[in-house]
Amino acid sequence: MKRVITYGTFDLLHYGHINLLKRAKALGDYLIVAVSTDEFNAIKGKKSYFPYEQRKALVEAIRYVDLVIPEENWDQKIKDVHEYNVDVFVIGDDWKGKFDYLEKEGVEVVYLGRTPEISTTQIKEELKK
Ligand code: C2G
């Protein structure tokens with residue numbers, strides 16, 4: 001059982017997020033998604049439209065996702081990969097290089113290409129027009 005983990009806010013869920021989760025699941029058999037809490041979003045400087053509980057419920061409804069856990073801080077990844085026996089860490093390549101340190105924990109680190117032309121920020125901007 002190859003276990004994969006990824007992290008994110010996943011606000012205003014869109015096909016870019018789905019593309020990422022679909023490819024992440026294809027790298028193993030079990031996909032864990034750590035969804036940023038509202039409190040951690042504030043630390044990340046992100047304001048979500050949907051609160052954590054709703055973002056969690058949306059991500060849990062995705063066929064590729066097996067488990068959703070809260071992401072509460074920048075530093076929990078090392079604990080998480082051991083606690084959940086993770087084999088692969090995956091995230092979009094906007095984060096390229098930022099999480100290579102997880103390789104020292106025996107985890108394969110994969111940066112996947114972001115889906116172009118779609119972002120939560122862009123959705124919000126266009127809805128404002
Ligand atoms: N993503 C993507 N293509 C897009 C938009 C997002 O592939 N057009 C990916 C991002 O690269 C990320 C995931 O979808 O892997 C979730 O995106 P965000 O919710 O923006 O996550 P982020 O705020 O980058 O949080 O500790 C890590 C952070 O929590 C990552």
Side-chain angles (χ1 to χ4, degrees):
M1 164 84 83
K2 201 167 180 190
R3 301 162 70 84
V4 183
I5 197 167
T6 190
Y7 294 72
T9 296
F10 295 99
D11 190 35
L12 296 185
L13 205 58
H14 55 67
Y15 63 88
H17 297 132
I18 302 301
N19 277 345
L20 189 284
L21 295 172
K22 181 174 185 175
R23 286 175 292 161
K25 181 59 176 283
L27 294 171
D29 311 288
Y30 188 89
L31 176 60
I32 302 161
V33 183
V35 173
S36 311
T37 60
D38 298 328
E39 295 76 16
F40 182 49
N41 265 343
I43 295 169
K44 283 166 63 172
K46 277 198 162 187
K47 177 114 184 61
S48 282
Y49 180 78
F50 290 120
Y52 172 73
E53 282 308 320
Q54 288 171 6
R55 290 183 286 112
K56 176 175 187 279
L58 283 160
V59 174
E60 280 173 338
I62 299 168
R63 66 170 58 205
Y64 311 117
V65 177
D66 296 288
L67 174 69
V68 173
I69 62 171
E71 181 186 27
E72 295 167 306
N73 60 64
W74 289 115
D75 311 317
Q76 70 183 73
K77 295 182 178 68
I78 291 181
K79 176 178 66 63
D80 290 346
V81 297
H82 292 292
E83 187 176 335
Y84 293 95
N85 301 313
V86 167
D87 302 290
V88 187
F89 168 90
V90 185
I91 199 160
D93 59 6
D94 43 322
W95 293 92
K96 192 151 182 61
K98 296 286 188 306
F99 302 113
D100 293 353
Y101 64 86
L102 291 171
E103 286 167 351
K104 284 196 296 295
E105 307 301 321
V107 172
E108 185 188 348
V109 175
V110 177
Y111 299 101
L112 295 174
R114 276 175 71 92
T115 302
E117 293 116 39
I118 181 79
S119 72
T120 304
T121 310
Q122 180 189 325
I123 294 170
K124 287 178 179 174
E125 290 305 313
E126 294 197 4
L127 286 175
K128 274 185 203 153
K129 286 176 192 161

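Fair warning: this is a prediction, and the values are worked out from it, not measured in the lab. Order of listing sets the numbers, starting from 1, for every ligand and every atom in it.
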Does the ring of Tyr7 carry Lys77 above it, NZ/CZ under 6.0 angstrom from centre and within 45° of its axis?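 Yes - Lys77 lies over the ring of Tyr7, closer than 6.0 Å to its centre and within 45° of its axis.
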Atom pair NZ (Lys44) and CH2 (Trp74), whose distance is rounded to the nearest 0.5 Å: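 Rounded to the nearest 0.5 Å, the NZ-CH2 separation comes to 5.5 Å.
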Atom CZ in Arg114, atom CG in Leu20: separation rounded to 0.5 Å?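 One gets 9.0 Å once the value is rounded to the nearest 0.5 Å.
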Close-contact set for ligand 1 against [X] heavy atoms, below 4.0 Å:
{"X": "Ser36", "value": "29 (O)"}
{"X": "Lys44", "value": "22 (P), 23 (O), 25 (O), 28 (C), 29 (O), 30 (C)"}
{"X": "Trp74", "value": "26 (O)"}
{"X": "Tyr7", "value": "26 (O), 27 (C), 30 (C)"}
{"X": "Lys77", "value": "26 (O), 27 (C)"}
{"X": "Phe10", "value": "16 (C), 19 (O)"}

Once you restrict to heavy atoms under 4.0 Å, what part of Asn19 touches ligand 1? Side chain, backbone, both or neither.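 Neither part.
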What is the closest protein heavy atom to [atom], and at what distance does it sit?
{"atom": "atom 7 (O) of ligand 1", "answer": "Arg114 CA, 3.5 Å"}
{"atom": "atom 14 (O) of ligand 1", "answer": "His17 CD2, 3.6 Å"}
{"atom": "atom 18 (P) of ligand 1", "answer": "Lys46 NZ, 3.7 Å"}
{"atom": "atom 9 (C) of ligand 1", "answer": "Leu20 CG, 3.9 Å"}

Under a 4.0 Å N-O cut-off, is there an ion pair linking Asp38 with Arg55?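 The answer is yes: the pair qualifies as a salt bridge.
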Using a strict 4.0 Å threshold on nitrogen-to-oxygen distance, state whether Lys25 and Asp66 make a salt bridge.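 Salt bridge flag = yes for Asp66 with Lys25.
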Residue pair Val4 / Tyr30, side-chain heavy-atom distance below 4.5 Å: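 Of all side-chain heavy-atom pairs linking Tyr30 with Val4, none is under 4.5 Å.
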Candidate with minimal heavy-atom separation from atom 8 (N) of ligand 1, of Val59, Ile118, Asn41, Asp94: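 Comparing heavy atoms across Val59, Ile118, Asn41, Asp94, the nearest one to atom 8 (N) of ligand 1 lies in Ile118.
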Atom OH of residue position Tyr49 - does it have more than 12 heavy atoms of other residues, nucleotides or ligands inside 6.0 Å?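 Count not over threshold, so no.
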Greater than 12 external heavy atoms within 6.0 Å of Glu126's CD: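 For Glu126, atom CD is crowded (more than 12 foreign heavy atoms under 6.0 Å).
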Heavy-atom pair of closest approach, residues Leu112 and Ala24: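 Distance-wise, the nearest heavy atoms are CD1-N, 4.1 Å.
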Does Ser119 come within less than 4.0 angstrom of ligand 1, counting non-hydrogen atoms of the residue?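 Flag not set, Ser119 not near ligand 1.
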